[in-house]
Amino acid sequence: MNWSLAPTERVPGRSLAEGDETDEIAATSFHPSPIGGGILIGRGADGQLRRVVIATGTAARDPQPGETWRVTGPSRIHAEFGPQIHARVSLPLLPSGRTIVRYLATNARFPGVGWKTADRLWSTLGERLYDVVRSGDVDAIARVIGAERAISVVTGFGLLADEVEVFRWLDRYGVSPRTAAAAAGLWGRGAIRRIADDPYALALLEPWRSVDERAFRLGVSPDDRRRRMAAIDEVFSRRWKAGRTAATEGELTTYCSGVLGPRCAVSASQAVCDAVEAGRIIRGPDGLLQGRAAWFMEREIERILCERLAQPRTNVVHLNVDEAVRTFEASSGYPLSPGQREAVRMAASSPMSVLCGGAGTGKTTAVRAVLAASDRARDALPAVDQARFGQRQVALSGRAAKRIAEATGRQASTVSRFLRRLEAGADPIRRGLLVVDEASMIDIPLLYRILVALPADVDLLFVGDPGQLPPIGPGAPFHQLVKAAAVPRTTLDIVHRQSERTGIPAVAGEIRAGRLPDLPRFDPGRPLAPGVFLVPAARGGVGEAALGVFRAMVGRPPALGRANALHDMDVQILCPLKNGPDGSKVLNEAVEREWMARQEPVPGWGLSVGSKVMWLHNDYGKSPLRGANGEQLLDPVSGEPMFTGFINGALGMVCRLADGGAWLEFDDGAADRVHVADLEHLTRGWAISVHKAQGSAFRRVIVPVSRSRILDRALLYTAVTRGVETVVLVGDPAELRRTVKAPPGVSLRPETLSLDLPALP
């Protein structure tokens with residue numbers, strides 16, 4: 001059934017509310033807000049200057065100067081600016097009459113076209129200009145303004161016309177402006193035909209329930225084949241978001257039945273069979289079912305890894321590994337263990353390899369030695385090859401990238417930033433080495449992007465701990481790499497980070513092996529004693545008990561201006577959960593309320609001078625780099641100002657009030673002033689998730705443990721190994737033992753990725 005209605009008919013969606021007014025605004029400027037939306041200023045249909053407040057989500061995109069927008073909403077009086085329309089709906093329109101002159105002269109769609117050129121077009125063609133542009137008559141326009149600018153006018157106007165038509169058509173059916181913009185960006189004018197043919201195409205962009213209900217209103221049957229195929233896609237989409245790349249037939253049938261609901265007369269098992277027959281899903285040799293995208297990515301990963309392992313070595317000419325190791329030991333003053341020496345030999349002789357080991361076993365030191373050996377291999381190459389040779393270090397999070405850069409003394413970046421540069425051709429590396437740190441957090445899509453983008457002559461070294469947390473995204477490829485016999489691997493097992501006297505390495509090793517040793521009770525009289533301790537607490541009382549441990553460790557709330565002493569204790573609460581009485585949200589509020597009570601508040605922020613905070617967004621325009629004279633440093637190549645950047649996951653402190661905002665300093669050395677618009681990227685940092693803590697270390701760690709969907713052995717092991725001196729587990733001992741004894745969640749993910757790879761002939 002085609003999704004089409006008469007032009008004047010409208011499916012119930014947004015309607016005019018009492019007090020709403022509609023106006024057509026010829027935009028002269030748009031002032032975006034840092035949190036989305038903004039202020040549109042322009043001339044209304046009566047020629048009077050109007051201001052329109054456009055909130056986030058009420059416009060398909062930001063208005064551009066010269067465009068005409070139809071806005072609908074109530075008019076309210078602003079104390080300074082007078083009447084303003086607060087738009088509930090905002091849609092761009094095609095210009096009409098002489099407004100096309102302003103549109104052509106001021107809109108960025110038309111490079112090289114200014115007021116004189118636009119006026120000349122209007123004076124020559126008048127109202128005919130619209131027909132000429134719509135018909136794509138480049139020659140007629142070129143005779144007035146030249147061929148290059150004529151192409152610009154026809155192309156830019158055509159893009160607007162397509163966009164406006166899609167927005168108007170989808171608005172008629174109550175589709176949100178944001179979804180309409182995404183549909184136009186994906187399919188252009190073809191969005192109309194695509195969605196008319198299959199209303200469920202919008203399930204890519206909107207929640208299933210919204211798309212399903214709209215399709216029913218338009219007369220789509222619950223048994224419609226398009227609906228059944230879309231339900232299969234929806235199930236795989238949900239499982240993908242939950243970290244699963246495949247499903248058994250039984251699982252898929254059960255989940256599909258839940259999506260289709262009781263209104264569908266066709267059985268879910270039949271829907272699955274139809275989807276397999278149509279090639280919508282693929283059945284593997286092991287019987288597991290996959291969506292086409294997941295199947296393709298995993299097969300490509302297998303193919304590329306197989307080719308990498310079989311390719312001849314090109315990066316090592318005459319490298320004496322033993323000599324490289326001795327040179328590194330002499331320069332660093334650090335003797336390598338046998339395992340670390342083996343890691344250097346492995347990385348120097350393999351186009352792809354894996355370095356794994358538990359937390360604190362010296363993986364970073366081994367990486368330093370590998371990089372030093374890679375330097376020597378580069379120096380042995382001809383000059384022309386040296387220019388194309390390089391080493392790169394990447395990690396999933398900005399915080400982890402900062403840590404490995406500090407530990408190795410070499411630059412590092414996030415995986416996404418490295419890939420953006422590589423895919424844009426901005427990174428010259430063609431030979432050399434890529435070190436992927438915290439590789440246990442790399443999921444299938446990210447590994448696929450790395451392998452596709454990376455030049456074949458750049459060696460790969462994956463570094464991580466399979467006992468720590470698996471990826472949040474789909475799959476667990478690092479765990480497969482560790483198990484693959486065809487992939488060279490070195491495992492380090494001597495713990496260096498924590499002193500043996502603390503007992504942390506021994507307890508962590510037991511947890512990793514699926515056993516929980518008997519732990520001594522935490523003694524509030526000796527709160528800073530080294531070791532791993534237990535505070536028994538029943539469900540519902542875990543959060544309060546964790547606060548009691550924090551109180552014993554840090555003492556009373558600090559006096560005004562003395563919050564640094566609290567931070568110097570380096571006590572970190574690590575939570576499996578965000579919400580609930582034992583979650584980070586409640587614990588953060590409780591610590592802030594009690595221990596910041598005497599500090600100077602930041603007005604209206606819920607923070608004080610001395611508050612511990614965490615930054616939640618990579619912002620590379622923060623924290624200017626300054627020279628010894630205090631002036632901001634400029635990039636020697638581009639001349640642009642240079643910044644340290646605020647990194648997602650960085651912990652820091654509010655240091656002082658500053659010009660209507662606050663001055664923040666983070667533990668990685670970055671510092672800058674922030675304002676109220678930055679609050680969406682800021683949260684309290686007294687209690688953080690275990691995921692955010694991966695790759696970090698703290699002197700003292702408190703772990704409130706309550707039953708949850710994500711609590712497993714890997715999460716508990718990761719939390720315990722974040723502590724350097726003292727770790728306190730708070731929770732039900734029986735629950736802790738069950739958690740440690742049960743297999744980690746990653747082992748329950750159905751896997752179709754096979755890395756038992758044969759060598760190519």
Side-chain angles (χ1 to χ4, degrees), residues 4 6-8 22-30 40-50 52 59-71 89-172 177 180-196:
S4 59
T8 56
T22 297
D23 200 352
E24 293 185 3
I25 308 295
T28 55
S29 64
F30 180 72
L40 169 63
I41 299 176
R43 300 282 175 182
D46 59 2
Q48 298 298 309
L49 197 64
R50 302 299 303 268
V52 182
R61 58 168 173 79
D62 289 349
Q64 300 294 316
E67 294 179 341
T68 301
W69 279 64
R70 179 177 290 136
V71 298
V89 182
S90 314
L91 288 171
L93 304 173
L94 286 172
S96 60
R98 206 177 187 284
T99 57
I100 196 171
V101 174
R102 173 179 289 276
Y103 175 58
L104 294 174
T106 60
N107 196 280
R109 291 180 189 266
F110 309 103
V113 179
W115 284 100
K116 286 184 178 180
T117 302
D119 273 326
R120 188 158 69 250
L121 275 173
W122 181 257
S123 62
T124 304
L125 299 172
E127 292 283 358
R128 283 187 54 234
L129 177 57
Y130 287 97
D131 293 333
V132 171
V133 172
R134 286 194 190 101
S135 66
D137 190 346
V138 175
D139 290 339
I141 300 174
R143 285 193 290 270
V144 182
I145 62 173
E148 186 175 343
R149 285 182 288 186
I151 293 171
S152 171
V153 167
V154 170
T155 303
F157 198 91
L159 290 172
L160 175 68
D162 290 351
E163 191 179 62
V164 166
E165 182 63 19
V166 172
F167 292 167
R168 184 172 60 182
W169 193 84
L170 290 177
D171 179 65
R172 219 170 73 194
L186 275 174
W187 303 309
R189 195 183 185 92
I192 296 175
R193 184 76 268 155
R194 188 183 186 97
I195 297 167

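- Partner of Leu121 under the side chain to side chain contact (heavy atoms under 4.5 Å, CB included) criterion, out of Leu129, Val132, Val101: Leu129 alone.
- In this structure, CG in Leu170 is found 4.5 Å from CD1 in Ile195, a value given to the nearest 0.5 Å.
- Across all non-hydrogen atoms, the minimal contact from Ala150 to Ile145 is N-CD1, 3.9 Å.
- Separating the CG atom in Leu159 from the CZ atom in Arg109 is a distance of 6.0 Å, to the nearest 0.5 Å.
- The side-chain heavy atoms of Glu67 and Tyr103, taken from C-beta on, include a pair separated by under 4.5 Å.
- Across all their heavy atoms, Pro92 and Arg61 have their closest contact at CB-NH2, 4.2 Å.
- In plain terms, the two heavy atoms of Ala59 and Pro177 that are nearest each other are C-CB, 3.4 Å.
- Residues Leu40 and Pro63 approach most closely at CD1-CB, 4.0 Å, considering heavy atoms.
- A side chain to side chain contact (heavy atoms under 4.5 Å, CB included) with Arg70 is found for exactly one of Thr22, Ile25, Val89, namely Thr22.
- Distance check: Asp62 CG to Trp69 CH2 gives 7.5 Å after rounding to the nearest 0.5 Å.
- Phe110 contributes atom CZ, which lies 9.0 Å from atom OG1 of Thr155 (distance to the nearest 0.5 angstrom).
- Looking at heavy atoms from C-beta onward, Trp122 lies in side-chain contact with Glu127 at the 4.5 angstrom threshold.
- Among the candidates Ile151, Thr124, Val133, the single residue satisfying the side chain to side chain contact (heavy atoms under 4.5 Å, CB included) test with Ile141 is Val133.
- Counting heavy atoms of neighbouring residues, nucleotides and ligands inside a 6.0 Å radius, atom CZ of Arg128 does not exceed 12 of them.
- Taking each heavy atom of Ala196 and Trp169 in turn, the nearest pair found is N-CH2, 4.0 Å.
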query: Between Tyr130 and Leu94, does a side chain to side chain contact (heavy atoms under 4.5 Å, CB included) hold up when you go through it step by step?
result: CA-CA 10 Å; Tyr130 287 97; Leu94 286 172; over 6 Å; no
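- How far CZ of Arg50 is from CG of Asp23: 5.0 Å, rounded to the nearest 0.5 Å.
- Here the CZ-CG distance, from Arg43 to Asp46, works out to 9.5 Å after rounding to the nearest 0.5 Å.
- Shown here for Ala191 and Val166, the closest heavy-atom pair between the two residues is CB-CG1, 4.1 Å.
- Taking a cutoff of 4.0 Å between a charged side-chain nitrogen and a carboxylate oxygen, Asp119 and Arg98 qualify as a salt bridge.
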- request: Might you work through the side chain to side chain contact (heavy atoms under 4.5 Å, CB included) test for Thr117 and Val153, ending with a clear yes or no?
  value: CA-CA 11 Å; Thr117 302; Val153 167; over 6 Å; no
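- The shortest distance between side-chain heavy atoms of Thr106 and Trp115 falls below 4.5 Å.
- Of the possible donor and acceptor atoms, none in the side chain of Thr68 sits under 3.5 Å from a partner among the backbone N and O of Leu93.
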- prompt: What's the verdict on side chain to side chain contact (heavy atoms under 4.5 Å, CB included) for Arg102 and Thr28, showing C-alpha distance, side-chain angles and the deciding distance?
  reply: CA-CA 9 Å; Arg102 173 179 289 276; Thr28 55; 3.7 Å; yes
